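First the proteins, then the strands, lettered A, B, ... as listed; each starts at 1. Quick caveat: nothing in here was measured; it's all calculated off a predicted structure.
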Amino acid sequence: MARHLITSAIPYINGIKHLGNLVGSQLPADLFARYQRARGNEVMFLCATDEHGTPAELAAAKAGKPVAEYCAEMHDVQARIAEGFRLSFDHFGRSSSVQNQKLTQHFAGRLADEGLIREVSETQMYSNADGRFLPDRYIEGTCPNCGFESARGDQCDNCTKQLDPAELINPYSTISGSTDLEARETKHLHLRQSEMREKLADWIDSKHDWPVLTTSIAKKWLNDGDGLQDRGITRDLDWGVPVMKGDEPWPGMEGKVFYVWFDAPIEYIAASQEWVDAGKGDNWERWWRTDKGADDVTYTQFMGKDNVPFHTLSFPVTIFGSGEPWKLVDYIKSFNYLNYDGGQFSTSRGRGVFMDQALEILPSDYWRWWLLSHAPESSDSEFTWEQFQGSVNKDLADVLGNFVSRVTKFCRSKFSEAVPEGAEYGEDELKLIEELTTRVRAYEDHMAKMEVRKSAQELRAIWVAGNEYLQTVAPWSTFKTDPDKAAIQIRLALNLIPFYAVLSAPFIPDASTSLLESLNAQDAEWPDDVATTLSKLQPGHAFTVPEVTFRKITDDERDEWQAQFAGSRD
RNA sequence: GGCGCGGUAGCUCAGUUGGUUAGAGCGAUCGACUCAUAAUCGAUAGGUCGGGAGUUCAAGUCUCCCCCACGCCA
């Protein structure tokens, strides 16, 4: 039995994510986790909310709540929505957990001991009115180069000149609008990533089977310009992991916290500690420490392309640099962006469908199927309502749903609500089993390689094969002359339903469950041998004709939703 | 400005290390069937693979130039 550690990029706490975020990490990770479990492998599937940083503080202030309270509430909201989409995390943690604080401080201490951290003094803008240092992008002013009045502290959007906040004329805080700013000296810790350049480059070069998207982004950061740069890993904020060297105070770093991108990936590990502390398991180290049983673990990370640099470079620096035997990622599956109806999803403009809204309109299976079967694997892809409607209606309602319907209703009307007796298999039956065997093996192969779209395509072909078979043998006409033969045809067709349910479960778990219930076949297993699986339901086995498994989306609904989600979420 | 990913049938997308008449699903047209959620199955039509030049016996697939879209960075 193989062991799979699977993590999805952790969504930022600030607000509800859109469908593009979902399909870029959590959903394909869930598909893979469900598949591996279905194959009898041991799985640890982790995710969390990423809670630190300035945006969380600002969002909390806007909501009029203390940031800790705000994060706790938003974590629950995101956890509930994740459940709604049937994301089967073993644990959905929080980067603000005590476990992550301690572990982050531990890693920082180790890195310092290994000589990979240096202290740097720099000048940053402090806002007296806001009572805080301001990140560059929260400062605006007049561009010294072109006179543009809303130039950002890091760059002028008008003339694209790269700026330092101190250069701006009449700078002001975009948080409060205050012009009461002053440059202050402050000390920060930098992670000496450049020291690790060679090691990282060798490691990336050894990954021949990783998606091009993953390796090309990593190589770009390794080789561009002067190569991989050192990176500040601390901030002058209140909300975050306090800077400590392991258990010890860090002289000169009082009142500072680690940068959100330093502690966020460490939460992958901390989440498994939270999992133990929540009483869901008793040994997290066998997943993460190669000296304590994790050497046989296969670790796969899922993420959108914007997260690739942190997972291919920064986090590995933390792992390598610690000098401790932590489990390093084996495979990084990255995704491009999903666009919405001719443009981008936009959180600020409320353009596109957000996770909570999606569930209000339709059950999660409908979204899971479309999103996964159109996952942006090799290039950016596009959501359109026409495509969504077509895919749901044709694939789910017509090909799969209607198959179940025609078979069960035919059986009920010609025989009874139980599997009929019937004769022996003929040529058509053997041919079907042979085709399905080939297709199931191909499906397994695609799923194991995380080829999401190809998997969906193969699964659909498996559904179609059932309709083809029925069309060929036509039990409705066979029945008139040879009821026994019609009975064996229908018996096989009935057996296809739990077979489909098991194979489809990673994509559409709810429909799968309800089909198994209707067919009274909750114990159905993965079809290692197709012929055996398809004779599981014996003559006399009672079932009930299921309700409509998937309903269709009407043209009116499609038009209504298209208008509803075109912009400006309230 | 630099870099990155792309530009393949009306639409959404596949096309391994260059190799026979460029593929899938949807949509369209025609036909078959009538058990079923006006469902299903089959067939057909539709592409000078962004443009140009080059390498090669052979290029959607490699090289160079250009155009377009998107993204990232400073």
Note to self: Assuming nearest nucleotide by heavy-atom distance, tell me which of Lys305(A) and Ser413(A) is located more 5' along RNA chain B.
What the structure shows: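 Its nucleotide being nearer the 5' end, the pick is Ser413(A).
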
Checklist line | 5′-ward residue of the pair Asn339(A)/Leu396(A) relative to RNA chain B | finding: Leu396(A)

Residue [X], side-chain heavy atoms: nucleotide from [options] that is nearest:
X	options	result
Glu382(A)	C13(B), A36(B), C41(B)	C13(B)
Val464(A)	C41(B), C35(B), U37(B)	C41(B)
Asp398(A)	G71(B), G25(B), U40(B)	U40(B)
Glu468(A)	G42(B), U37(B), U12(B)	G42(B)
Asn467(A)	C41(B), A24(B), U12(B)	C41(B)

Next item on the list: Check each residue of residues 471-502 of chain A for a non-hydrogen atom within less than 4.0 Å of any atom in RNA chain B, then write out the ones that pass by number, or none.
Entry: Gln471(A), Trp476(A)

Can you measure [X] atom [atom1] to [N] atom [atom2] for me and round it to whole angstrom units?
X	N	atom1	atom2	value
Glu458(A)	G23(B)	CD	P	18 Å
Lys394(A)	U37(B)	NZ	P	16 Å
Glu386(A)	C13(B)	CD	C1'	16 Å
Tyr337(A)	U12(B)	OH	P	21 Å
Tyr469(A)	C35(B)	OH	P	17 Å
Phe388(A)	G25(B)	CZ	P	21 Å
Leu470(A)	G42(B)	CG	P	12 Å
Asn393(A)	C11(B)	CG	P	21 Å

Next item on the list: May I ask you to check whether Glu140(A) and Tyr172(A) show a side-chain donor-acceptor distance below 3.5 Å?
Entry: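 Yes, side-chain donor-acceptor contact under 3.5 Å.
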
Notebook entry, point to check: Between Thr472(A) and Asp428(A), does any side-chain donor sit less than 3.5 Å from a side-chain acceptor?
Noted result: no

Next item on the list: Tell whether Asn402(A) reaches the base of A36(B) with its side chain through a donor-acceptor pair below 3.5 angstrom.
Entry: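 Per atom types, the contact qualifies.
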
N/O (side chain, [X]) to phosphate O (OP1/OP2, [N]) under 4.0 Å:
X	N	answer
Lys409(A)	A39(B)	no
Arg460(A)	C26(B)	yes
Lys552(A)	A38(B)	no

Next item on the list: Identify the two heavy atoms, one from Phe507(A) and one from Val452(A), that lie closest to each other, and give their separation to 0.1 Å.
Entry: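 Closest heavy-atom pair between Phe507(A) and Val452(A): CZ-O, 4.2 Å.
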
Item checked: Contact summary for Ile462(A) and Arg439(A), nearest pair of heavy atoms ->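 Smallest heavy-atom distance, with atoms named: CG1-CB, 3.7 Å.
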
Margin query: Ring-plane angle category for Trp476(A) and Phe410(A), please: parallel below 30°, perpendicular beyond 60°, tilted otherwise.
Written below: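 If you compare the ring of Trp476(A) with that of Phe410(A), the planes turn out perpendicular.
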
Complementary nucleotide for [N] - Watson-Crick or wobble, under 3.5 Å:
N	answer
A28(B)	U44(B)
A38(B)	none
U63(B)	A53(B)
C3(B)	G71(B)
U21(B)	none
A58(B)	none

Check: Which value, in whole Å, describes the distance between the P atoms of nucleotides U48(B) and U8(B)?
Finding: 12 Å

Margin query: With a sphere of 6.0 Å drawn around CD of Glu434(A), does it hold more than 12 non-hydrogen atoms of other residues, nucleotides or ligands?
Written below: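 Counting other residues, nucleotides and ligands, CD of Glu434(A) stays at 12 neighbours or fewer.
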
Indicate, with a heavy-atom threshold strictly under 4.0 Å, whether [X] touches base, sugar-phosphate, or nothing.
X	result
Gln387(A)	base
Ser373(A)	nothing
Gly401(A)	base
Phe550(A)	base

Notebook entry, point to check: Is the distance between the ring centroids of Trp261(A) and Phe315(A) less than 6.0 Å?
Noted result: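 Between Trp261(A) and Phe315(A), the centre distance exceeds or equals 6.0 Å.
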
Note to self: Please determine whether side-chain contact (heavy atoms from CB on, under 4.5 Å) holds for the pair Thr234(A) and Tyr259(A), giving the CA-CA distance in whole Å, both sets of side-chain angles, and the decisive distance to 0.1 Å.
What the structure shows: CA-CA 5 Å; Thr234(A) 53; Tyr259(A) 178 41; over 6 Å; no

Item checked: Validation row: Lys333(A), Glu377(A) side chains within 4.5 angstrom (heavy atoms) ->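 SC-SC contact between Lys333(A) and Glu377(A) confirmed.
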
